[in-house]
Amino acid sequence: MSEIKPLSGPVPVTIVTGASRGLGHAIARQLLARGERVLTLQRRPDAGLVAPPGRLEQWACDLAAPAETAARLGEWIAALPRDGLASLA
């Protein structure tokens, strides 16, 4: 597993699940188009999601077996500034 590093900058981050297709993908694209910071959780990273450095982080994970992802996410959120988490989508 790679080192856990929160996205940098003062803009809050939105966490989007299922961002490799469908509604999750559409939400992630819209947030990125508005210049927001996004953490995506999906089975495979999507090369079609692009953003300037520090605006997008993609995690490959299977939420059907969430224990490892939950632990990693808890550490990641704890490392964010107090006002860093905007929402979960």
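Everything numeric in this text was worked out from a predicted model, so none of it was measured. Sequence positions, counted from 1, serve as the residue numbers for this chain.
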Roughly how far, to the nearest 0.5 Å, is [atom2] of [Y] from [atom1] of [X]?
| X | Y | atom1 | atom2 | result |
| --- | --- | --- | --- | --- |
| T69 | W76 | OG1 | CH2 | 13.5 Å |
| L32 | I27 | CG | CD1 | 12.0 Å |
| Q30 | R34 | CD | CZ | 7.5 Å |

Between [Y] and [X], is there a side-chain heavy-atom distance shorter than 4.5 Å?
| X | Y | value |
| --- | --- | --- |
| D62 | R43 | yes |
| V50 | L56 | no |
| V38 | L49 | no |

Quick one: side chain to side chain contact (heavy atoms under 4.5 Å, CB included) partners of R44, sequence neighbours excluded? none
Taking side chain to side chain contact (heavy atoms under 4.5 Å, CB included) as the test, write out the residues that go with P45, two or more places apart. Q42, Q58, A60
Quick check against the 3.5 Å criterion: does R55 have a side-chain atom that pairs as donor or acceptor with the backbone of G35? yes
Review item, side-chain donor-acceptor pairs of residues 18-26, under 3.5 Å, at least two apart:
| residue | atom | partner | partner atom | Å |
| --- | --- | --- | --- | --- |
| H25 | ND1 | A19 | O | 3.0 |
| H25 | ND1 | D46 | OD2 | 2.9 |

Of L73, T14, T17, V16, which is the lone residue that meets side chain to side chain contact (heavy atoms under 4.5 Å, CB included) with L39? L73
